[in-house]
Every structure is written in structure tokens, then in C-alpha cells.
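Data first, discussion second: the structure below is written as C-alpha cells.
These figures come from a predicted structure and were not determined experimentally. Below, chain A is the first sequence line, B the second, and so on; all start at residue 1.
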Amino acid sequence: MIGRSRPLQLLSLTVVVVAALSLVSLTIALAGFDVSTAARAALDGAFGGSFAIFSATLKRTTPLLFLGVAVAVAFRAGVLNIGAEGQFLAGAAAAAAVGLHAPVESAVMMLPLEFAAAATAGMGWAAIAAWLKARFGVTEVVSTLLLNFVAINAVGFLVRGPLQEPTFTYPQTLPLGESARLPLLVDSQRLHWGFVIALLVAIGAWWVFQNTAAGFRARISGISRSAAESAGLIAVGRVQASALLASGAIAGIAGFSEVAGVTYRLYEGLSPGYGYTAIAVALLGRLHPIGIIASAVLFGALGSGADSMQRNAGIPAEFASVLAAVILLGVLALPAAEALLARKFRVARAL
Amino acid sequence: MTSIPPILELRAIEKRYGRTIALADGSLAVRAGTIHVLLGENGAGKTTLLRVAAGLLAPDSGEVLLDGIPVTWNSGAQAIEAGVGAVQQHSSLVPSMTVAENVALTERRYFRRFSPTAAARRVRVIAEAAGLNVVPDAVVGRLSVAAQQKAEIVKALAHEPRILILDEPTAVLSPADARDLFGWLKTFVSSEQRAVIVITHRIREALEHGDTITVLRTGRTVLSANAGVRTQSEVLDAILGEQPSIGSGGSVKPSPAGTLPAEPCLVIDNVCVADSSGNFRLKNASVSVFPGEIVGVAGVEGAGQHELLRVLAGRLVPTSGDVSFPESVGFVPEDRLRDALIEELSLLENFALRGAGARSGFLSWKSVAQETTAAIKGYAVLGGTEVATVAELSGGNQQRFVLARELGVSPIAVVAENPSRGLDVRAAIAVFDQFRAARAAGAAVVVFSTDIDELLGIADRIFVCHAGQVRAVPRDAVSIGAAMVGL
Amino acid sequence: MTIPIDGFLEAVVRGATPLAFAALGELVAERSGVINLGLEGAIVCGALASLVATVAFGPSAGLLAGGSAGLCIGLIFAFFVLVLRAQQIIVGAAVSILGLGLSATVHRALTGGGASAIHVATLPELRIPFLADIPIIGPALFSQSLPTYILYALFPLVAYALYRTIGGVVLRAAGEHPPAVIAAGHSPAKVQFMALCVCGFLAGVGGATLVVAQTGTFSDGMSAGRGFIAVAVVALGRWRPVGVLLGVLLFGSASALQFLAQSLGWNVPYNIVLAAPYVLTLLAMAALRGSGSAPAALGRALNRSASLV
């Protein structure tokens, strides 16, 4: 635990990613696909040219970055929020509802309104779990997970009921008007200003943890509950509830960014499990902003690469989530592996 | 005595954990029919040596001999098979299960039927044969500490051990219960081919009840002799090594009479604390502490001092009663690595921990760094700059750092729980000197200790906890000991 | 309008069956001190494996294959938690993601991405003579398919194993106070390993039940959170077999609402009915507040801190 140096950490994380990629390539090869074709397709899809980078990879990076930060904020405070998926959907639904129905004309008014609605909705969705824990002692792990399924069905209900498009044919909303959309960041590419907001949120969250009393309290609560309570006189329960709310708000903003920046409408299956992949993003990034940005880009590239592989090499895109899980498991295995290596190293030096 | 080999012998045992050496050269020879007492300071390697003897720990080098024959144990189970039963320092019983279920844990065959009535019968048989009074159907967590220990011994006896090992059995017992225990151990070893090994840190007890004593110091066996031929001071010399200049226990320094201000600084009045299941941990406790005095607190484990100290320190809100204390009370908890410090964080961040709950706005790390550096200097915390982690400090220096943080520049009130735990004698003396200095500076100090002599050496007044009740007691060992068992 | 009470009860038992396997497995794991959130992955992989095995060898082989697939997922979980001592909750989430992704990928590869889903014949209903004729509860309890009858034996068996065998005492002790188990000469990790094997296998059988006894086909994520609900149900049931039984029946009732709504012709939005089990589980957890009887050492790795990074 003590003083693992940055370069060593970076090295071991790289090893995990490379090992996971090789493992999955091996599986692809065993399944009878041509690995080199697949790899070329994946690289092309993720980084081959400005379209791949801006319209595929970074566009996909945006929600993962938001949600990775959301998960990290909770985890750092010792709250296991596994409900980023549900909070994301709550935010998306709120943004869509406001974007479609708020009697506002100008984008200057509309976008902040959508943003606020989404943040509030995400926070509200997380607040259910926080309340269940504070009032009834229900662990947040189970409640946030179950609330994901409730959120999925709530979105399903909205797009078949109150928010359904007027022809009542498809389970989706009408598209948002121009003023309710986030402007594009690069001309004729799909990357939008949500990406910039995500970067700001990542850096901002980190700054709060480092430089404010509240952030310090959250950090301490996440490391040692007993020391926080006894030495710091910190109300850990309240601090953790606040962290869960903040986490929910950030996840809600991710929903806003996705609806107002990418899909322009709400429909079922808006998230291909972003909220779960975000756990891998946060932990691979070691809960550190720079790390999270890097791992969000990595997972964004994996997603767009997988899409491209499905199109060009016929490999099911679902394997991207397998890869995410394998990387996450690799990260979890790291402390044990490092301890083992350190022991070997010490023995070797002693001889 | 030379012809018969010892029933259990450990020769030149060595055990390291990473860079720290727990045992350098631990030896022990136990003869049949004796109570063998193992003495030594905290960290001298007593528990490690016993864990090796009980097969719970494999030594890096050295030999274990049973009846003169070398043995190698890879698990506790093998030692149990060979007739070595261990009663650990920290309860090895499952609190939520009955005594009978706990004893059933010692069986090996997983697919065998477990019958509560048969298991209870078995416990009754073992307990009766051993002359111990144990209720088989009682849930362990609801038993008194002394009763739990009896249950623990019954569990160890289930394997019919020849050698029984007890790690600090008397630390949690009142003097009367401790006498009972040794009486029982004497009968246990009176039948042939049995022996008992007891760890304790009480020299008087060792010489009174033990047949043979072995003293460990910094991982080495430094003395091995018959108990009868040794005096307390000889043994103390062996335990401490080169004697530091202490007035340990001797110098009684009452506070200067008449200088106490009229207004107490820490007051609790008629305070009750109930646990989650409604049992009272603390009943109608009233204590006032004045500026410029040290109040000592004594009590056996679970007598209510844990709650009393936390109420006094403002760390626990009582169920009922009135409390009044200054804005900020320093607190030195017993388990400093759990309750006071965060090992993997820097001294700087650990320093910022004090008052973290009430702070708002931004943190100025620059000013915290200045304070931390000043505290490190002022309390002579060795081996640390403000960016070093707590884990890099030795135990004594960690405790100095906690004191530095909790006492600060001008302490008003501080509550300390067993502050010398895990420290060597020199570090302990330094800690108590800090409390004396705080008293001189006008602070109200409350100190709990498991060592009565330590309390007598520092406290102006003494309170004793027994069964949740708190009362003032005259400052002498006999009165304190009697009050601890409720007399 | 009359309420079709016997039909409703039948739907309750049918809905509860797959979950019951998973919840019993989770009960065993949690009593040994390990919280296995990877159950979702074991269920969904069990479902897919049973589909494939049923196509090849028939439905009984399907149940067995489902159990084996669940066991494999359980072994992955056990390796990370018991050998590498990684954080249980996060490993569970990772294993669930893995199982969901793996099953979806393999299923996509098998069906070639087309719409032609694989279908198998489901296990027949086994009517038990006389018993099935008991009014109201007869059809619900005694006109079900094989897995339900297996459960009738499994509940008492698990209860017996936990409370009336030495292994059960040791297992519960491992969940309460591992040092006691070590002091008695046992290895908590070994006991927990066995518990996790049982847990994975049963979850896999639960997944297989979804396919061979109910739907006859596979769809991505068809476990639909049952693994997570199982974790909730074990807490709801106060970590006791009888409590777990009541918990799964509660879930069964929620899922049978769909049947009730249809047969009564209520015009309840489909998604609200689908969300009912999750909402009801949450409400029940809140109503039966507190976690007084949770195994004391639940979720704690033995000698490493639960730190995430």
C-alpha cells in the first residue's frame, strides 16, 4: 500500500490492458476469426482518421468520462454506487422532458435548464438510495443496483406514455429542437461540447477532493471510517450520503450530455451499459482524474473499435463488455500481483 | 530432571515479518507437571513464540520438540492432534453461537451430523471432568469475560490436550477471577504428563503461581529459571534489560493543593449509555474533571470505561444525562491505527484530521504543513517529515504524533485510553511525561490504563468502572482492585 | 369479475423458481461470509449453456450444463475473492458484467447475428396425482415442472446442512468470526470456496430453469437482475432458509402481477408491471429495516483491507 511509485503503477496498468487485449485476441482467433483483419478494423474504427477519433471514439468517451468521475466520487468516499446507469437514465429523461416541453426559446436559457434538470434528476435518483440507507439501513450496493432496473423500466414507460412521439408508433420521444441541443465542438463531426464539460467536471471534482474541507472529509471517510469518526469527529454517514448525491448529479449530467449532444431524443436502450463500464473506467483510472480521462478514452476506443469489428470482420460487438470486465478484473488482481512481484523481487535481491 | 526430556521444547526459534524480526532466538523448555510462565514486554515476541508452539505459525528456523522428538506442524490442526491446545488472547469463540456449537467446531468431519443436544451433553461432560462451570446452551456473546474464557478452555479441552497454552488469560480478568483460573490450572497439571504455558505481563502473578518462568526480550530468551528462586526486581531487570531511569509506579505526585479552580472543565452528570439491544453499558455515571488535574480510570474489560471515555471526549452521545465540555477535547484512543491515524496517509493529512468534521470552505495545506512541522519538532517525533506516511513511523513515534496533534500547543482537555499500549517502557514514560506537562499547563486530563501501578503513578484522583457504574475510589491498589470486582 | 386465484398462485411459484435456486446459493455463500454479486453472471451463463446442451442432449442435460456453467463463473469469482483477496462487491459486479457480455457474445456468434433465435421444447408439467387436485394450492404446488420439485427437496437439504451438520456449523462460523475457525484448525477460505462452488452451481441451475422450464429460448440479459434480487432476498430473509423462501415467494408474487393484470384485463402499462419486482424488493428491504442478523464477517476479506486502490 505504501509508496507505490507512479511509473510502476502505470506500468502494471499497461500490463493489465495488454494482457486483457491479448487474452481477448486469442479468444477471437480460437473462435475462427482472422485476428489481423479484426485488429485492423478495430484500430481503423477507433483512431483511423478524424471521423473515427471525433465522431466515434471521443463521442463515446464523453458519457464514460462523466460516469467514471461519478463512480470515482462515490468510491473515494467509500460509497459503492453501482447505480450510475440508473442515475444516467434519470438525467437523460429529465433533460429530454425539459428540452421538449420547457417554454423557452433561446439555447442560452434552454441548455442550462436541461443541465440543471438532469443534475437534479440524477441526484434525486441517487437520493432514493441515500434515503433508504439513512432511514432504513438498506445497503447502497443492492438499492442502487435494483434502482437501475427500475430506471430502465421508467424510461420504457415514459417513451411509451407521457413522452412518446405524437404518432404513438415508436417507443421514443420527438427529436429535440435546435436550441435544446449542445453545439458541436468540431465542424461536421459528432463530438459536442459535452466532452468539454466532462473534462471540466473531472478536473473540478479532483480539485474539490484536494482543496476543500468537504472533499477532505469525503476522502477520509472513504479510507477509514473509524479514524474519521473518532479523530476527525466527521459525521461519516452524512458525508457519504452527500457523496452519493454528488455522484448521482454527475451521472445525471452525463444523461443530459448524451441526449442533448448525441441522440437528441430519449428511447429505451439509450445506454449500452455505460454505468457498469464506468466502474472499470474509474478503477482502471485509479480514481484519479488524469487516469480516468485516459481510461475513458481507452474504453471509448474499445467501443468504437468493437463496432467497427462487427461491421468489417463480423465479430459480435458485445465482446467489448467482456473486455471491460476482463480489464476490471485485472485491475482488481493488481494489488495481489504486485505484492507477489515485490516478494519475488526482495527474495531475488537477498540472494 | 535431566534424564526425562521436556514435554515441549522450542529451540532457537526465529521468525521475521518482512524486515521486522518478531523472534530472533526464542527458546522454551516446558517440563511435565508444571505451570510455565512466559514474560516479556509488548513486542518481545511472546505471542509469536506461542503461535509457533501451537502450530499456528511456521518458524523461519529453529526446532520444536515434543517429548524430545522433533516435530514439524503445518497447521494448528496438527498441533491439536499432537496434544497441544491453545487458548488465544483474543477470543477464538464465535460470539453469536452457543458454547456447544463453538465446541463442535473442533470436530473434523464436515458431513457428520450436528445435534445440539448431543453437543451440549459433550460440553457438560468435558466441563464436569475439568471442574469448570459452563452452560452449554448459552450464547457466547452474552457471557461475562470470565465465563467466555472458561468456554474457551472447554473448547481447547475437547481435544484432550496434554499441553495447554494460554495467551494473557488474566489481562481481561478481575484479580479474583485470575486467582480462580490459576487454581484450576494447578489441578490441571497435577495429573501426570500435562503442562500449562501461560503468557502474562504481571510479574507478581508469574512468581506467585508459576513453577518455571521464561523471559523474552526483543525476540530473545534472556532468562529461564524456577519461579521460586527469583525476585520481582531480578525478573523486571530481565524484562527491561538495561534499566532506564524511571520513577515507574513510585513517585506519587499529587496536584498542588488549593490550586484547582472552582469550575470543572469536563462534566458528565447522571449519564446513561445503552447499546443497540437496550442493555446499559453505562449507568448513571457522574464525573467532573477540573483544569490542572489528571483523573485515572480503571476497570476490567467491558466494565463501561470504553463508553465513559468516549462520552467524556465527546465521541459518543449518551442515551440520557447531561454533559458539558470545552469546544475541543483531545482524544487518544487505545487502537491508534484504527481510531486515531490513517497509516497510508501522510503526517500532514493525519494532522488535518483533527477538527476535520467542523471545518468548512477551503483547506490551506500550507498552514497545516507549518503546524505539522511545528508539532513534529515540539514532540520530537522521530523519523518523520510532514510528507512521510504514518506507516513509516515506529509505534512510539506514532503515539507521540497522536499526542502532538491531540494536545497541541495549549491543551484544554484530553482523554486517553491505555496510551502506553504496545509501547516499550521508555516510550511509555515519555507519554506520561507529556500528560504531566499538560496538567502543569492547566489541562484537564483523563487517563484509562489496564495497569493499576501506572495509574497510581500519574493520577490525582481515581474512578473505577464496574458493570457500567462509575465511582470514585481512594488512591491505593487494594481499594482499586476491590472496586474493579464490585466490592 | 373473479380473481383467478389458482392461476395466480401457479404463476407465483413459477416466477419464484429460478430465483429460489440463486437465492439458496447466495444464502450458502453469505452464511460463509462472502457476498457474491457475480450471481447475475452465473445465472445468465447458466441459461445460455442450458440452451446449448438442451439442443444437443435434452433438457435434463440442460439443467446440469447450466449448473456447470454457473460453477465456472463461481470459480472465477472465488479465485479473485479468496486467492487474490480483491474487494468482493466490485469483483461481483465485474463477474456479472463478464457473464452478461460473454453470454451475449457467444449467443450472437451462435445465431450469426440474425433474428433466428434458437428454440427448445420446455420441460413438461408434471402433475402429481391427488395432490394436484387440492383446491387453490394444488395446481400451484403440484402441477409444475421438474426444477420446482427439486427445490422442494433442496430447501430442507440446505437448512439441514447449515444447521445440523458439522460442516454447516463451521461454515456459519466462517461467516461470523473466521479467527475461531482458524483456531479450531479449519481453513475459512476452504469452506468459503466450497460455499461459492455450491452458490455458482445453484445460480447456474436457476438460469437453466429460465430456459428449459419457462421460455425455451435465450435472450441477452434474460437474467434481468435476478442475481441482484437474490442478494436482496437473502437479506430480506434474514439469512435463514425459511426467510429466503418467503422472500422468493414475494418476488414470485410481484412477477405474477403480470399474469394477474392480463387475466383481469387491467390496462396497466407493461413497464410498470415489469418494474414491480424491483420496487417491491426495495420496499420490503426498507420495511424489514436493519441488518441485525447479518453474518458478522460478511463481505470482509480475511487479512487484507477492503481498500479499492
Q. What are the residues of residues 117-128 of chain A, in order of number, with any heavy atom under 4.5 angstrom from a heavy atom of chain B?
A. none

**Q.** Region of B/Arg336 that comes under 4.5 Å of a non-hydrogen atom in chain A
**A.** neither

Q. Can you list every pair that meets side chain to side chain donor-acceptor pair (under 3.5 Å) and has a residue in residues 365-384 of chain B, with sequence neighbours left out?
A. B/Ser364-B/Ser367

Q: Please look at B/Leu337 and chain A and tell me whether the side chain, the backbone, both or neither of the residue comes under 4.5 angstrom of a heavy atom of that chain.
A: neither

Q | Minimal non-hydrogen separation, A/Ala227 against B/Leu341, with atom names | A | CB-O, 4.0 Å

Q) Quick one: what part of A/Ile223 sits under 4.5 Å from any heavy atom of chain B, side chain, backbone, both or neither? A) side chain

Q.
Quick one: does any side-chain atom of B/Arg359 pair with a main-chain N or O of A/Arg217 as donor and acceptor, under 3.5 Å?
A. no

Q: Tell me, for A/Arg219 versus chain B, whether the close heavy atoms (under 4.5 Å) come from the side chain, the backbone, both or neither.
A: side chain

Q.
Less than 4.5 Å to any heavy atom of chain A: does that hold for the side chain of B/Ala358, its backbone, both, or neither?
A. backbone

Q: Pick whichever of B/Gly361, B/Ser360, B/Gly314 has the most heavy-atom pairs under 4.5 Å with chain A.
A: B/Gly361

Q.
So which atom in A/Thr212 and which in B/Phe362 form the shortest heavy-atom distance, rounded to 0.1 Å?
A. CG2-CD2, 3.8 Å

Q) What is the minimum heavy-atom distance between B/Arg315 and A/Ala231, and which atoms define it? A) NH2-O, 3.8 Å

Q. Can you tell me how far the CG atom of B/Asp335 sits from the OG atom of A/Ser226, to the nearest 0.5 Å?
A. 7.5 Å

Q.
Can you tell me how far apart CD1 (B/Ile342) and CD1 (A/Ile220) are? Round to the nearest 0.5 Å.
A. 4.0 Å

